[in-house]
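Written below as structure tokens is the structure these notes are about.
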There are 2 protein chains.
Amino acid sequence: MKKAAAPQPYHHGDLRAALLEAGEAELAERGIEAFSLRGVARRAGVSHAAPAHHFGDAGGLLTALATEAFRRFVQRQQRRQSKAPPDPLSQLVAAGQGYIDFALEHPALFRLMFSSGRPSFDAPELVEAANAAFDKLEHDVKALRPDMTIADVQIVWSLTHGLADLLNGGRMKSLADQRPAQREATVAALLRTALGQIATR
Amino acid sequence: MKKAAAPQPYHHGDLRAALLEAGEAELAERGIEAFSLRGVARRAGVSHAAPAHHFGDAGGLLTALATEAFRRFVQRQQRRQSKAPPDPLSQLVAAGQGYIDFALEHPALFRLMFSSGRPSFDAPELVEAANAAFDKLEHDVKALRPDMTIADVQIVWSLTHGLADLLNGGRMKSLADQRPAQREATVAALLRTALGQIATR
DNA sequence: CGCCGATCTTGTCGCTGTCAAGTTCATTTT
DNA sequence: AAAATGAACTTGACAGCGACAAGATCGGCG
């Protein structure tokens with residue numbers, strides 16, 4: 001994990017990446033609401049003002065984390081899809097499962113991406129990463145049938161996102177309390193039922 | 001709004017209610033991530049430590065605010081329903097519209113309710129208020145058809161909540177950018193389409 | 001070699017939440 | 001009526017926070 005060789009070089013070498021890693025750990029352990037820039041610096045073993053040089057302020061670091069998160073978010077969906085049957089409905093269901101996987105595996109990152117005002121959506125890189133996620137969703141929905149509309153995309157997105165967000169917040173008690181294996185099965189069935197209705201409308 | 005008579009009585013009289021009001025204003029203006037207990041005290045015109053006596057700590061105040069918010073959340077849905085046709089589908093669509101109305105009218109409260117770890121869901125009053133909201137949803141869904149399952153409730157909830165959350169976060173660009181009147185019409189159409197499919201499945 | 005700019009540290013500011021101790025005041029007790 | 005009680009609120013302190021300014025270090029280029 002850490003270069004044991006060089007003791008404490010003044011210049012870190014790749015502090016930016018180290019701060020991103022530390023930032024994600026901080027986020028995962030303390031949650032977005034207790035996130036502290038100084039805590040990130042401590043984790044990375046640098047002074048409290050070091051992050052400023054690479055990210056400007058706390059928002060900058062969170063923006064970078066959100067950007068990276070959106071990319072991995074898409075990858076998580078693709079990973080699910082690679083193990084699923086190739087028919088469009090199965091692929092869409094798998095994408096939804098990946099969407100929810102990511103939310104439950106990285107609850108704080110998910111909140112950062114969708115329910116926080118701290119990342120700056122003025123940053124072009126973040127917008128691009130978020131748009132890529134949306135484009136993928138749109139593509140997967142339109143693969144169902146050629147005449148799928150923007151409204152259909154919105155419905156599918158809302159359904160998937162709502163499920164992910166409610167599970168992530170622990171608000172949907174009946175599902176959140178299930179053991180992971182069973183919950184996953186229930187979620188899959190839920191998605192297949194709902195998305196199936198939309199597909200064959 | 002304020003008793004003009006007594007100048008600055010040592011005992012406020014109803015500081016608890018005043019703090020709740022100030023807390024909501026603070027939340028609305030600065031958002032949950034910049035929420036400050038001292039800011040609330042300033043708004044209410046009391047010392048920075050006054051809130052502790054009534055709410056313990058910041059989490060206590062936010063818990064109380066979330067509890068109140070869940071009650072008004074249900075009322076907002078009922079208000080929509082009272083103006084809608086009495087058939088079950090129209091009523092369910094109206095409830096969904098009220099759900100989204102509340103989210104857009106009180107974005108910070110909505111986040112506090114669904115996407116924050118700060119309110120303590122150990123507090124029985126909060127759990128009760130949140131459960132009441134869920135019970136209402138369940139009732140409205142089951143009014144559609146007698147054989148509606150818990151899975152159907154989960155689907156309806158996810159769809160509605162996802163739409164509300166994505167709009168609230170400004171993430172669903174295509175909808176969030178519309179002018180309020182048009183957006184409302186689009187949302188209504190969306191809900192009617194999606195919920196109609198579920199109802200007549 | 002010498003300089004220069006990027007990288008990182010140190011120090012400081014006002015702000016925050018929480019705790020402890022003091023002050024005020026309404027009510028009850030005697 | 002006077003005193004005691006305890007709730008409501010204030011004052012003061014502490015550590016931790018984000019941001020800024022100024023200084024220290026160091027790789028690379030002239």
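So you know, we letter chains A, B, ... as the sequences are listed, proteins then strands, and number each from 1.
H53(B) has its NE2 atom 7 Å from the P atom of dA7(D), to the nearest Å. The distance from atom CG of L19(B) to atom P of dA8(D) is 12 Å, rounded to the nearest whole Å. The distance between atom CG of L37(A) and atom P of dA19(D), rounded to the nearest whole Å, is 7 Å. In this structure, R42(A) atom CZ and dA15(D) atom C1' are separated by 11 Å, rounded to whole Å. Across the protein-nucleic acid pair, D14(A) atom CG and dG27(D) atom P stand 16 Å apart, rounded to whole Å. Atom CD1 in I32(A) sits about 17 Å away from atom P in dC17(D), given to the nearest Å. Taking atom CZ of residue R118(B) and atom P of nucleotide dT16(C), one finds them 13 Å apart after rounding to whole Å.
The shortest side-chain heavy-atom distance between R43(B) and E29(B) falls under the 4.5 Å cut-off. With contacts defined as side-chain heavy-atom distances shorter than 4.5 Å, the pair E21(A)/E24(A) does not qualify. The closest side-chain heavy-atom distance from F134(B) to M172(A) is not below 4.5 Å.
Of the candidates dT9(C), dG11(C), dA6(C), dG11(C) carries the atom nearest the H48(A) side chain, counting heavy atoms from C-beta on. The side chain of S36(A) approaches dC17(D) more closely than any other nucleotide in the set dC17(D), dC8(C), dT11(D). Residue R30(A) places its side chain closer to dC17(D) than to any other of dC17(D), dA6(C), dA21(D).
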**Request:** Using Watson-Crick or G-U wobble pairs with both distances under 3.5 Å, give me DNA chain D in dot-bracket, 5' to 3', with [ ] for crossers and | for pairs to another strand.
**Result:** ||||||||||||||||||||||||||||||
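Look at R76(A) and E105(A) and you find a salt bridge, because one of the NZ, NE, NH1 or NH2 atoms lies within 4.0 Å of a carboxylate O, short of that distance. Contact check on E26(B) versus R38(B) returns no salt bridge, with no Lys/Arg side-chain nitrogen under 4.0 Å from an Asp/Glu carboxylate oxygen. A salt bridge links E184(A) with R80(A): the closest approach of a Lys/Arg side-chain nitrogen to an acidic carboxylate oxygen falls below 4.0 angstrom.
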**Message:** Determine whether S90(A) and Q81(A) satisfy the following criterion, side-chain contact (heavy atoms from CB on, under 4.5 Å), listing intermediate values before the conclusion.
**Reply:** CA-CA 8 Å; S90(A) 296; Q81(A) 289 179 306; over 6 Å; no
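At a non-hydrogen distance threshold of 4.0 Å, D57(A), A58(A) from residues 54-69 of chain A come into contact with DNA chain D.
Classified by interplanar angle (parallel below 30°, tilted 30° to 60°, perpendicular above 60°), the ring pair Y99(B)/F73(B) is perpendicular.
In the interface, the side chain of R38(B) is paired with the base of dT18(C) through a donor and an acceptor atom under 3.5 Å apart.
When ring centroids are compared, F102(B) and F110(B) stay outside the 6.0 Å threshold.
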